[in-house]
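Both backbone and side-chain heavy atoms feed into the values below; hydrogens, waters and symmetry mates do not. All chains are named by letter (A, B, ...) in the order of the sequence lines, taking the proteins before the strands, and each is independently numbered beginning at 1.
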Amino acid sequence: MSHPPIETILKRLDEAYPGATCALNYQTPLQLLIATILSAQCTDERVNKVTPSLFQEYKTARDFAEADLETLQEEIRPTGFYKNKAKAIQTCCRRIVEEYGGEVPSTLEEMVTLPGVGRKTANLVLGETHHIPGIVVDTHVRRLAKRLGLTQHDDPEKIEQDLMRLIPRERWTLFSHQLIHHGRQVCKARKPACDRCVLKDLCPSSTA
DNA sequence: CTCCCGATAT
DNA sequence: ATATCAGGAG
């Protein structure tokens with residue numbers, strides 16, 4: 001299956017979104033991990049509204065490990081899936097305390113064994129805090145990769161493999177952030193703004 | 001596959 | 001009213 005020229009896509013994205021980065025607010029790897037768990041099926045804007053007070057109350061993995069679960073649930077409730085997320089944060093932090101000395105593990109294999117942490121979360125955290133290249137396949141990356149004809153798959157792991165094959169390794173993290181920004185601002189799920197898309201002339205799905 | 005689940009845009 | 005939002009687990 002043919003697809004648009006990758007070099008052109010990368011160049012256009014660089015011009016449109018230079019230095020695109022994570023929109024979640026955080027100071028430490030642990031904070032980014034918590035924020036990313038909270039971001040599942042929820043806008044980053046809403047996560048950023050909850051995390052300042054949360055991170056002021058809970059400083060370390062041990063603090064989250066020892067938190068009252070119902071209190072934690074209420075504190076993160078606006079992000080949705082709050083029972084699952086609170087439990088994930090707590091069990092996750094307990095394992096970080098017990099098995100990793102309170103530090104977020106630094107490899108993908110270790111990260112994905114943590115409860116509530118899948119490849120999307122692991123790749124995002126490792127890319128940001130350890131500069132380990134990885135494709136972050138979230139809802140935006142999945143949608144744009146398909147619209148651009150860069151993959152035919154729906155399974156996030158297969159999409160990740162397709163994109164890793166197409167994109168130079170050193171660009172994986174930046175490319176993910178750029179696609180996500182483009183997905184949020186222009187190539188939106190419900191009403192894509194093809195008329196102001198920098199990729200419209202080479203996008204198989206463009207209506208402009 | 002289903003379930004978790006509140007907030008916002010359309 | 002309903003689709004969607006920086007997903008992951010059972």
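- Salt bridge A/Glu15/A/Arg12: absent, no basic N to carboxylate O contact under 4.0 Å.
- Applying the ring-ring contact (aromatic ring centres under 6.0 Å, His included) test to A/Tyr17 and every residue at least two apart in sequence or in another chain returns A/His182.
- In this structure A/Ser53 satisfies the side-chain hydrogen bond (donor to acceptor under 3.5 Å, both in side chains) test with no other residue, sequence neighbours excluded.
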Where protein sits on nucleotides 1-10 of chain C, one letter per nucleotide: B base, S sugar-phosphate only, - none, heavy atoms under 4.0 Å: -BBSBBBSS-
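- Straight-line distance between the C1' atoms of B/dA7 and C/dA9: roughly 23 Å, to the nearest whole Å.
- A salt bridge does not link A/Lys11 to A/Asp14: none of the charged nitrogens lies less than 4.0 Å from a carboxylate oxygen.
- If you check residues 59-80 of chain A against DNA chain B, the residues with a heavy atom closer than 4.0 Å are A/Arg77, A/Pro78, A/Gly80, listed by number.
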Show me, pair by pair, the donor-acceptor contacts under 3.5 angstrom made by side chains of residues 188-199 of chain A, not counting sequence neighbours?
residue	atom	partner	partner atom	Å
A/Arg196	NH2	A/Gln185	O	3.2

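- Minimum heavy-atom separation, A/Pro156 to A/Val137: O-CG2, 3.7 Å.
- Residues A/Leu163 and A/Leu150 meet the side-chain proximity criterion, which asks for heavy atoms closer than 4.5 Å.
- Residues in residues 123-142 of chain A take part in these side chain to side chain donor-acceptor pair (under 3.5 Å) pairs, two or more places apart or across chains: A/Thr21-A/Glu128, A/Tyr26-A/Glu128, A/Asn123-A/Glu160, A/Glu128-A/His177, A/His140-A/Arg143.
- Residue A/Lys85 is classed as having no contact, given no heavy-atom separation below 4.0 Å to the nucleic acid.
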